[in-house]
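As a basis for the values below, the full set of heavy atoms in this structure was taken, side chains included, without hydrogen atoms, waters or symmetry mates. Please read all numbers here as calculations on a predicted model, not as lab measurements.
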Amino acid sequence: MPDSIPEDDKTPDLQTEIAELKQELHRLNTHRFVRIHNSAWRLVQFQFIRGLAFGLGSVIGATFLVYLLVYSLSNIDFIPIVGEWAKEIADMIKAK
């Protein structure tokens with residue numbers, strides 16, 4: 001099945017598309033994410049900082065969750081074993 005568009009009409013569109021693709025490829029290659037991954041030193045540095053942030057966030061989050069758990073358990077007086085145990089933990093935390 002022959003194309004209904006003559007070859008002369010296709011050429012400017014193809015050239016325009018190629019120019020746009022070159023422009024987009026240049027934009028992607030200069031993106032910060034790609035620049036970081038092009039250098040081993042930058043990648044190691046980025047991953048190290050990312051790991052530090054993840055570790056710090058995990059510690060802070062776990063501390064907050066344990067605090068809420070101990071605090072809520074220490075307020076439960078009707079369960080003898082859990083309530084006393086949680087009060088002892090809360091007293092030890094307050095003492096330090």
Side-chain angles (χ1 to χ4, degrees):
M1 177 181 262
D3 291 332
S4 60
I5 301 173
E7 284 295 320
D8 295 338
D9 292 340
K10 287 183 185 179
T11 308
D13 291 335
L14 185 60
Q15 290 174 350
T16 305
E17 287 179 16
I18 290 173
E20 289 173 358
L21 282 172
K22 282 182 180 179
Q23 208 172 25
E24 187 68 22
L25 187 61
H26 176 72
R27 189 177 72 86
L28 287 173
N29 281 333
T30 56
H31 193 271
R32 182 177 57 95
F33 183 79
V34 174
R35 283 195 324 238
I36 286 172
H37 287 83
N38 280 340
S39 167
W41 174 246
R42 284 189 205 149
L43 182 61
V44 168
Q45 184 181 14
F46 175 75
Q47 293 296 337
F48 179 73
I49 292 171
R50 181 176 171 252
L52 286 176
F54 178 78
L56 180 64
S58 297
V59 168
I60 291 172
T63 303
F64 183 70
L65 287 176
V66 167
Y67 167 76
L68 286 177
L69 180 67
V70 169
Y71 179 75
S72 63
L73 286 176
S74 68
N75 289 330
I76 299 174
D77 293 331
F78 61 89
I79 302 175
I81 297 172
V82 175
E84 289 298 320
W85 177 69
K87 280 186 182 181
E88 287 178 22
I89 292 175
D91 291 340
M92 287 173 26
I93 291 172
K94 287 179 186 176
K96 291 185 181 201

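Atom CD in Glu17 sits 11.0 Å away from atom CD in Gln15 (nearest 0.5 Å). With rounding to the nearest 0.5 Å, the separation of CG in Leu25 from CD1 in Ile18 is 12.5 Å.
Checking Val66, Ile60, Val59 one by one against Thr63, the side-chain contact (heavy atoms from CB on, under 4.5 Å) holds for a single residue, Val59. Each of Leu28, Asn29, Thr30 was scored for a side-chain contact (heavy atoms from CB on, under 4.5 Å) with His26, with one residue passing: Thr30.
With sequence neighbours excluded, the residues that form a side chain to side chain donor-acceptor pair (under 3.5 Å) with Glu24 are Arg27.
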Please tabulate, for side-chain N and O atoms in residues 42-51, each donor-acceptor pair with protein atoms closer than 3.5 Å (sequence neighbours left out).
from, atom 1, to, atom 2, distance (Å)
Arg42, NH1, Arg35, O, 3.2
Gln47, OE1, Arg50, NH1, 3.2

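The hydrophobic cluster around Tyr67 extends to Phe64, Leu68, Tyr71, counting ILVMFWY residues whose side-chain heavy atoms fall within less than 4.5 Å of a member. Cluster partners of Leu65, using a side-chain heavy-atom cutoff of under 4.5 Å among ILVMFWY residues and allowing indirect links: none.
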